[in-house]
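Since the structure comes first, as structure tokens, the remarks are kept for the end.
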Amino acid sequence: MCLRIKVNRDLILTRFNKLDQLLHILREIKEISKKEFLINYKNYYTAQRALEISINICIDIGNHIRLCTFFSKPFSLLHSNQILTKHMI
């Protein structure tokens with residue numbers, strides 16, 4: 001018996017949107033000088049937390065895709081669910 005699980009498109013897109021927000025924060029922090037970054041502990045902890053959450057989001061997306069693609073090709077599945085476009089594959 002083969003269990004078919006459908007990709008939750010909304011879940012993946014929500015995670016990608018959150019990832020975009022976190023990357024925006026990290027890009028802002030990247031513009032801060034090294035000296036200013038190290039002096040203000042809030043910069044350090046903001047960057048650290050944004051990286052932790054970003055990593056967890058990537059793992060979460062990967063686990064969801066892996067579960068849904070156990071018997072199929074992951075990129076084809078993402079394309080058929082309109083998560084990736086043809087030129088992204």
Side-chain angles (χ1 to χ4, degrees):
M1 182 175 169
C2 178
L3 179 64
R4 301 271 298 151
I5 299 173
K6 187 175 179 184
V7 170
N8 185 337
R9 183 176 188 273
D10 292 334
L11 178 129
I12 292 177
L13 292 177
T14 300
R15 297 294 194 276
F16 277 139
N17 287 334
K18 181 64 177 177
L19 190 58
D20 281 340
Q21 293 170 4
L22 292 165
L23 291 175
H24 178 74
I25 291 169
L26 290 169
R27 285 185 192 106
E28 287 179 356
I29 292 172
K30 184 177 117 176
E31 299 302 318
I32 298 171
S33 71
K34 182 177 179 180
K35 183 178 180 181
E36 184 181 343
F37 178 81
L38 295 174
I39 289 172
N40 187 344
Y41 69 93
K42 290 179 183 179
N43 292 329
Y44 173 81
Y45 288 116
T46 300
Q48 180 184 23
R49 189 66 183 139
L51 286 169
E52 288 172 359
I53 295 170
S54 297
I55 291 167
N56 285 331
I57 288 171
C58 292
I59 291 169
D60 187 39
I61 291 169
N63 284 336
H64 180 70
I65 292 169
R66 187 179 53 138
L67 177 66
C68 295
T69 62
F70 192 70
F71 296 106
S72 64
K73 296 180 181 179
F75 293 111
S76 303
L77 187 66
L78 292 175
H79 176 63
S80 66
N81 283 278
Q82 299 175 343
I83 296 169
L84 293 179
T85 60
K86 193 70 170 173
H87 76 275
M88 296 170 107
I89 297 178

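Keep in mind the model is a prediction, meaning the values are calculated, not measured.
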[atom1] of [X] to [atom2] of [Y]: how many Å apart, nearest 0.5 Å?
X	Y	atom1	atom2	answer
Ile61	Leu11	CD1	CG	8.0 Å
Asn56	Arg15	CG	CZ	10.5 Å
Leu51	Leu26	CG	CG	5.0 Å
Asp20	Ser54	CG	OG	10.0 Å
Thr46	Gln48	OG1	CD	10.0 Å
Lys18	Leu13	NZ	CG	16.0 Å

Is it true that Leu38 and Tyr41 fall in one hydrophobic cluster, defined by side-chain heavy atoms closer than 4.5 Å?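 Yes, it is one cluster - the side chains of Leu38 and Tyr41 are joined through contacts under 4.5 Å.
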Would you say Ile29 ends up clustered with Ile39 if hydrophobic residues are merged whenever their side chains have heavy atoms under 4.5 Å apart, either directly or through other cluster members? no
With a 4.5 Å cut-off on side-chain heavy atoms, are Ile32 and Asn40 touching? no
Using the side-chain contact (heavy atoms from CB on, under 4.5 Å) criterion, which residues pair with Ile55? Sequence neighbours excluded.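 Once residues adjacent in sequence are excluded, the partners of Ile55 under the side-chain contact (heavy atoms from CB on, under 4.5 Å) criterion are Ile59.
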Provide the closest heavy-atom pair for Phe37 versus Tyr44 in the form atom of the first, atom of the second, distance.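 Heavy atoms of Phe37 and Tyr44 come nearest at CZ-CA, 3.6 Å.
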Over all heavy atoms of both residues, which pair between Cys58 and Leu19 is shortest? Give the atoms and the distance, please.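 In terms of heavy atoms, the two residues are closest at SG-CD2, 4.1 Å.
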I'd like to check the side-chain hydrogen bond (donor to acceptor under 3.5 Å, both in side chains) partners of Gln21; sequence neighbours left out, ordered by chain and number. none
Has the side chain of His64 got a donor or acceptor atom that lies under 3.5 Å from a matching backbone atom of Ile12? no
